[in-house]
2 protein chains.
Amino acid sequence: MKREQIKHSIVRGLKEQGLKLTPQRSAVVEILTRDKSHPSALTIFRAARETRPSISLSTVYATLALLKKHRLIRELEFEGMDNRYDMDTDNHFNLICLQCGRIEDYINPAPVLPEVVEKQTGFRIHDVRLEFYGVCSTCAP
Amino acid sequence: MKREQIKHSIVRGLKEQGLKLTPQRSAVVEILTRDKSHPSALTIFRAARETRPSISLSTVYATLALLKKHRLIRELEFEGMDNRYDMDTDNHFNLICLQCGRIEDYINPAPVLPEVVEKQTGFRIHDVRLEFYGVCSTCAP
DNA sequence: CCCTCAAGCAGGAACCATTCCTGTTTGAGG
DNA sequence: CCTCAAACAGGAATGGTTCCTGCTTGAGGG
Ligand SMILES: [Mn+2]
Ligand SMILES: [Mn+2]
Ligand SMILES: [Zn+2]
Ligand SMILES: [Zn+2]
């Protein structure tokens, strides 16, 4: 799905749940959409303050928690690194650069199918997290 | 690789690096080997105190950090859940039960090959993290 | 067999990203 | 224009992990 489409589906998701699309929330969604590096709460906060100087870090966290709760975004936790947020909730690989911290997407043509795992193991799957850690092509050309 | 084999390779790894296999470290490794649920530092600490009542939580953390540093074990960080430790550093899927917190292994017969991703993206891969979140067969029979 | 000293340890303080709390603001609906 | 619940800003609290300090241990040299 394209980023602009995902953005609209997030906004739609908020409305469908009877939640308000306030300027603060709009700013957070906008940044999540524009910043392809899977930004952290602090990064989003700093970017949001440029268009909306009075926004607080609490509100950014609250908005991210809200979006996460309604499964409109994905929260990724790391070791020794702030949490990062992924606007794409579809199953895909994230390539995490240990040098610059950027996280890019990698759409695998033949991903592992949860259904197959469920059949084999009896484990009921809700979410999938697929990650490669390493060095991106920009950092090691 | 079998658990007993992995245990020996951890012990061997310590010796190869000129590190001491103290009773405290031995206890931590032993528990990591025995407990298939990918235990947390606190869980390891509590189990270690049964055979070695004077061991401190600091030492458990230090030992885990040491093993991690030398890539003999794997640290897994989660949202709203303590870090967990995986004695198996090979690429495999972890099935994480959101109800009981247990983490089991799933050896995929056809995993995604890092080499393929590297060739396609130019991203140099060091580590792989593959996880399914859901409910295990014990919790939802 | 004892001494030395660096590695390792126990206990507790400090850290800091995230969550929680409280009083204030906002704006949709009446 | 009023009302009131939702949302917000600012700041305090939380807690798993890391850091710090002084003490212990045991391998290796004399
Ligand atoms: Mn992504
Ligand atoms: Mn595992
Ligand atoms: Zn990079
Ligand atoms: Zn379970």
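Hydrogens, waters and symmetry mates play no part in the numbers below; they use all other heavy atoms, side chains included. Protein chains get the first letters and strands the later ones, always in sequence-line order, with residue 1 at the start of each.
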N/O (side chain, [X]) to phosphate O (OP1/OP2, [N]) under 4.0 Å:
X     : N      : result
A:Y61 : C:dT19 : no
A:R25 : D:dC8  : yes
A:S56 : D:dG10 : no
A:Q24 : C:dT26 : no
B:N83 : D:dT17 : yes

Under a 4.5 Å cut-off applied to non-hydrogen side-chain atoms, are A:D35 and A:I44 in contact?
->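 A side-chain contact is absent here, since even the closest heavy-atom pair is not under 4.5 Å.
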No-H, no-angle donor-acceptor pair, B:T59 side chain to C:dG8 base, under 3.5 Å = no
Name the residue closer to the 5' end of DNA chain C, choosing between B:E79 and A:P23 according to the nucleotide with the nearest heavy atom.
-> B:E79
For A:L42, report the nucleic acid contact type (base, sugar-phosphate, nothing); a contact means any heavy atom under 4.0 Å.
-> nothing
Hey, is the main chain of B:I6 close enough, under 3.5 Å, to the side chain of B:H8 for a donor-acceptor pair?
-> no
In whole Å, I'd like the distance from the [atom1] atom of [X] to the [atom2] atom of [N].
X     : N      : atom1 : atom2 : value
B:L76 : D:dT17 : CG    : P     : 12 Å
B:K68 : D:dT17 : NZ    : P     : 10 Å
B:R49 : C:dG11 : CZ    : C1'   : 13 Å
B:I44 : D:dT17 : CD1   : C1'   : 14 Å
A:M81 : C:dT18 : CE    : C1'   : 17 Å
B:L64 : C:dC9  : CG    : P     : 12 Å
A:R52 : C:dT25 : CZ    : C1'   : 12 Å
B:L19 : C:dA6  : CG    : C1'   : 13 Å

Of the options [options], whose atoms approach the side-chain atoms of [X] most closely?
X     : options                : answer
A:A41 : C:dT18, C:dA10, D:dT17 : C:dT18
B:D82 : C:dA10, D:dG16, D:dC8  : D:dG16
B:T22 : C:dG8, D:dC8, D:dG11   : C:dG8

Cut-off 3.5 Å, side chains only: do B:N94 and B:H38 have a donor facing an acceptor?
->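 Yes, B:H38 and B:N94 have a side-chain donor paired with an acceptor closer than 3.5 Å.
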Parallel, tilted or perpendicular: which fits the ring planes of A:F132 and A:F93, with parallel below 30° and perpendicular above 60°?
-> parallel
Which residue, B:S40 or B:K20, contacts DNA chain D at a nucleotide closer to its 5' end, judged by nearest heavy atom?
-> B:S40
Do the charged groups of A:E104 and A:R102 touch, with an N to O distance under 4.0 Å?
-> no
